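Heads up: the structure comes next, in structure tokens.
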Amino acid sequence: MATRTDAPTRREQILKEAARLFAERGFHGVGVDEIGAAVGISGPGLYRHFAGKDAMLAELLVGISGRLLTGAKRRIAEADGSTGGARGVGGAGRAAGGARAGGGPVGGVAAGGGAVVGSRVEGLGGRRDSGAVLDSLIEGHIDFALDDRPLITLHDRELDRLRDSDRKLVRQLQRQYVELWVEVLREVYPALAEPAARSAVHSVFGLLNSTPHLGRPGSLPGRAATAELLHRMARGAFAAAAGE
């Protein structure tokens with residue numbers, strides 16, 4: 001995952017502090033003036049960037065769902081050796097709302113005509129190591145779970161505060177994200193039925209998204225050790241779901 005080196009924009013600073021404060025004290029427990037003070041601007045100055053707290057909450061929750069999906073698509077595209085022609089990416093791979101456009105790997109055949117060979121998939125672009133793709137997806141989600149804990153708390157507590165259209169968009173993005181994982185997981189474990197694979201993916205998300213409850217940062221092992229532990233647990237859960 002590429003590391004960003006440029007400084008965050010003022011808008012990004014506002015969103016980061018809003019997420020932290022909302023997670024700590026609840027949406028209604030934080031005022032616009034407090035968010036502005038956290039980034040060194042007045043409350044009225046904050047309205048140059050956002051219409052209000054509701055707009056911040058929507059951008060935080062829709063934004064992270066979109067970034068997770070975009071990151072997963074990028075990782076799959078990189079594994080396919082292409083940034084634009086990856087199987088399962090874009091309109092050809094998945095219909096809006098998470099519907100499976102061409103089925104998944106069924107009976108040893110992957111969507112798009114590729115044949116499953118162990119944990120590798122033969123496709124038009126050659127082979128990809130599906131196990132490595134799954135590891136990459138896990139790594140990306142662990143980065144989110146460790147670095148964006150306030151957003152996990154915010155999603156759990158405040159999602160219902162979004163207007164209907166924003167909440168539906170969050171759910172749509174999340175369904176598409178799940179389906180990308182399901183497809184890759186079934187490439188790694190071809191005998192795993194689709195409903196079981198989907199349940200396993202949701203269960204692993206629950207495991208990884210438990211990071212806000214792991215304790216205070218100082219009470220945990222270092223970031224690298226925590227990430228490695230979470231990765232082993234995720235892989236173990238998937239293997240157990242497949243009966244291995």
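Quick note: residue numbers are just sequence positions, from 1. It should be emphasised that the depicted structure is a prediction, and the values quoted were computed from it without experimental measurement.
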Partner of Trp181 by side-chain contact (heavy atoms from CB on, under 4.5 Å), out of Ile76, Val133, Ile138
Ile138
Please tell me if the side chains of Leu230 and Leu146 come closer than 4.5 Å, counting only heavy atoms from C-beta onward.
yes
Can you tell me how far NZ of Lys168 sits from OG of Ser165, rounded to the nearest 0.5 angstrom?
8.0 Å
Looking at side-chain heavy atoms only, is the closest gap between Glu183 and Glu179 below 4.5 Å?
no
Which residue pairs pass the salt bridge (charged side-chain N to carboxylate O under 4.0 Å, His left out) test when at least one of the two sits in residues 222-238, sequence neighbours left out?
Asp135-Arg235, Asp143-Arg223, Asp147-Arg223, Glu228-Arg232
Sequence neighbours left out, what pairs pass ring-ring contact (aromatic ring centres under 6.0 Å, His included) with at least one residue falling in residues 222-244?
none
Can you name the side chain to side chain donor-acceptor pair (under 3.5 Å) partners of Arg167, sequence neighbours left out?
Asp164
Short N-O contact, Glu194 and Arg198, less than 4.0 angstrom:
yes
Say whether, by atom type as modelled, one donor and one acceptor occur between the side chain of Ser65 and the main chain of Gln174 under 3.5 angstrom.
no
With a 3.5 Å cut-off and sequence neighbours excluded, list the donor-acceptor pairs that the side chains of residues 37-55 form with protein atoms.
from  : atom 1 : to    : atom 2 : distance (Å)
Ser42 : OG     : Gly45 : N      : 3.1
Lys53 : NZ     : Phe27 : O      : 2.8
Lys53 : NZ     : Val30 : O      : 2.7

Provide the full list of salt bridge (charged side-chain N to carboxylate O under 4.0 Å, His left out) pairs with a residue in residues 35-44, sequence neighbours left out, each pair given once.
none
Can you check side chain to side chain contact (heavy atoms under 4.5 Å, CB included) on Leu61 and Asp166, steps first, answer last?
CA-CA 9 Å; Leu61 295 182; Asp166 287 330; over 6 Å; no
If every non-hydrogen atom of Leu192 is compared with every non-hydrogen atom of Ala196, which pair is closest and at what distance?
CD1-CB, 3.9 Å
Exam field: side chain Ser136 to backbone Ala132, donor-acceptor pair closer than 3.5 Å:
no
Among pairs that include at least one residue of residues 21-38, which meet side-chain hydrogen bond (donor to acceptor under 3.5 Å, both in side chains), considering only residues two or more places apart or in two chains?
Arg20-Glu24, Arg25-Glu34, His28-Arg161
Taking distance alone, no hydrogens or angles, what donor-acceptor pairs closer than 3.5 Å link side-chain atoms of residues 207-214 to residues at least two apart or in another chain?
from   : atom 1 : to     : atom 2 : distance (Å)
Asn209 : OD1    : His141 : NE2    : 2.8
Asn209 : ND2    : Phe205 : O      : 3.4
Ser210 : OG     : Leu207 : O      : 2.6
Thr211 : OG1    : Ala145 : O      : 2.6

Distance in Å, Leu137 CG paired with Leu180 CG, rounded so as to fall on 0.5 Å steps
7.5 Å
Test item: Arg67 and Leu151 side chains (from C-beta on) under 4.5 Å apart, heavy atoms
yes
Here the gap from Leu185 atom CG to Ser130 atom OG, rounded to the nearest 0.5 Å, amounts to 10.0 Å
Can you name the closest pair of heavy atoms from Ala197 and Arg186 and give their distance?
CB-CG, 3.7 Å
If you measure from CG on Leu159 to CZ on Arg171, what distance do you get to the nearest 0.5 Å?
4.5 Å
Please list, chain by chain and in numerical order, all residues satisfying salt bridge (charged side-chain N to carboxylate O under 4.0 Å, His left out) with Arg10, sequence neighbours excluded.
none
For Ala237, which residues count as a side-chain contact (heavy atoms from CB on, under 4.5 Å) partner, sequence neighbours excluded?
Val204
Can you check whether Arg175 reaches Gln172 side chain to side chain, under 4.5 Å on heavy atoms?
yes
Residue of the set Leu69, Leu173, Val201 for which side-chain contact (heavy atoms from CB on, under 4.5 Å) holds with Val178:
Val201
When you compare the side chain of Ile35 with that of Phe22, does any pair of heavy atoms fall below 4.5 Å?
yes
Using a 3.5 Å distance criterion without hydrogens, assess whether the side chain of Arg157 forms a donor-acceptor pair with backbone atoms of Ala23.
yes
Salt bridge (charged side-chain N to carboxylate O under 4.0 Å, His left out) partners for Asp160, two or more places apart
none
Ala241 meets the side-chain contact (heavy atoms from CB on, under 4.5 Å) criterion, sequence neighbours left out, with Ala200
Could you report the tightest heavy-atom contact between Ala72 and Tyr177, atom names first, then the distance?
CB-CE1, 3.7 Å
Here the pair of heavy atoms bringing Ile64 nearest to Phe144 is CG1-CE1, 3.5 Å
Mind checking salt bridge (charged side-chain N to carboxylate O under 4.0 Å, His left out) for Glu59 and listing every partner two or more places apart, or none if nothing turns up?
Arg11
Given side chain to side chain contact (heavy atoms under 4.5 Å, CB included), test Leu229 with Met233 step by step and report yes or no.
CA-CA 6 Å; Leu229 174 61; Met233 294 174 70; 3.9 Å; yes
